[in-house]
Novice: 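Have a look at this one before I ask anything.
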Amino acid sequence: MDPLRFARLAAEEQLRQASGFFQVMSTRRTVRSFSPEPVPFGLIETAIKAATTAPSGANQQPWRFVVVSNPEVKRQIREAAEAEEKEFYQRRAPREWLEALQPLGTDWHKPFLEIAPYLIVIFRLDYGLSRGAEGKEIKTKHYYVMESVGIAAGILLTALHMAGLATLTHTPSPMGFLSKILNRPKNEKPYLLIPVGYPSADAAVPRITKKPLSEVLEVVS
Ligand code: IYR
């Protein structure tokens, strides 16, 4: 065990930091229209480093971040995602789901998968996989994978926003094609596909509101 390094802030500083952070986060929007303008790779790398500070079950860090900028690979991802999404919008989605999506104005076209300079694909590792003596496969059980990867994804979106970048949390369904195109080992399952970049000059977002605190916060004192 090590002694904890913990920076205790003065009360006013705590309040200042807390509300400053809220102010910055309340400007984050999901963006679906990207500019092809390049983004320095260092920003992506640093945001992923921040994501890897997330707590995880037994500190097993059951995640892998695959960053794609190769135009041909992006094209393959777009093509495969659009094929799934076309099925979804034209056949699989129940009417109720399509109605819930109406305010977002989404459809099966996913040009942003080629236009955004980077696609970050998060994979979750449901179990660890390594090689023992004579190449024998060793599987390690992982705990709380969904919770762990969800927290890391949240930190990643926050870090990218703080770096002045726009993101989309995209979940083409199903996402099995990402394992194939990106040649991932069998213990890695696609979790989230995040296009990252600058918004296009004409990017528009749906007029949505967040629930008031009174609806989402219960205090038991
Ligand atoms: N995966 C589809 C549909 C979709 C579903 C939900 I729930 C959203 O919040 C947004 C879209 C798509 O990406 O278009």
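Start at 1 and go down the list; that is how both ligands and their atoms are numbered. Residue indices begin at 1 and follow the sequence shown.
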Novice: Out of curiosity, E45 CD to I48 CD1, how far, rounded to the nearest 0.5 Å?
Specialist: 8.0 Å
Novice: Check the angle between the aromatic planes of Y118 and F41 and answer parallel, tilted or perpendicular using the 30° and 60° thresholds.
Specialist: tilted
Novice: Would I77 and L193 count as a side chain to side chain contact (heavy atoms under 4.5 Å, CB included) if you check the C-alpha gap in whole Å, the side-chain angles of each, and the deciding distance to 0.1 Å?
Specialist: CA-CA 10 Å; I77 290 176; L193 169 51; 4.2 Å; yes
Novice: Would you say the side chains of S148 and S56 form a donor-acceptor pair under 3.5 Å?
Specialist: no
Novice: Can a donor-acceptor pair be found, under 3.5 Å and without considering hydrogens, that links the side chain of H161 to the backbone of V24?
Specialist: yes
Novice: Are there any protein N or O atoms under 3.5 Å from the N or O atoms of ligand 1? List them with distances, or say none.
Specialist:
from     : atom 1 : to   : atom 2 : distance (Å)
ligand 1 : 1 (N)  : E85  : OE2    : 3.1
ligand 1 : 1 (N)  : T171 : O      : 3.1
ligand 1 : 13 (O) : E85  : OE2    : 3.0
ligand 1 : 13 (O) : K110 : NZ     : 3.4
ligand 1 : 13 (O) : H170 : ND1    : 3.2
ligand 1 : 14 (O) : E85  : OE2    : 3.0
ligand 1 : 14 (O) : Y89  : OH     : 2.5
ligand 1 : 14 (O) : K110 : NZ     : 2.5

Novice: Apply side chain to side chain contact (heavy atoms under 4.5 Å, CB included) to the pair K74 and R78, showing each step before the final yes or no.
Specialist: CA-CA 6 Å; K74 287 199 292 184; R78 174 186 180 175; over 6 Å; no
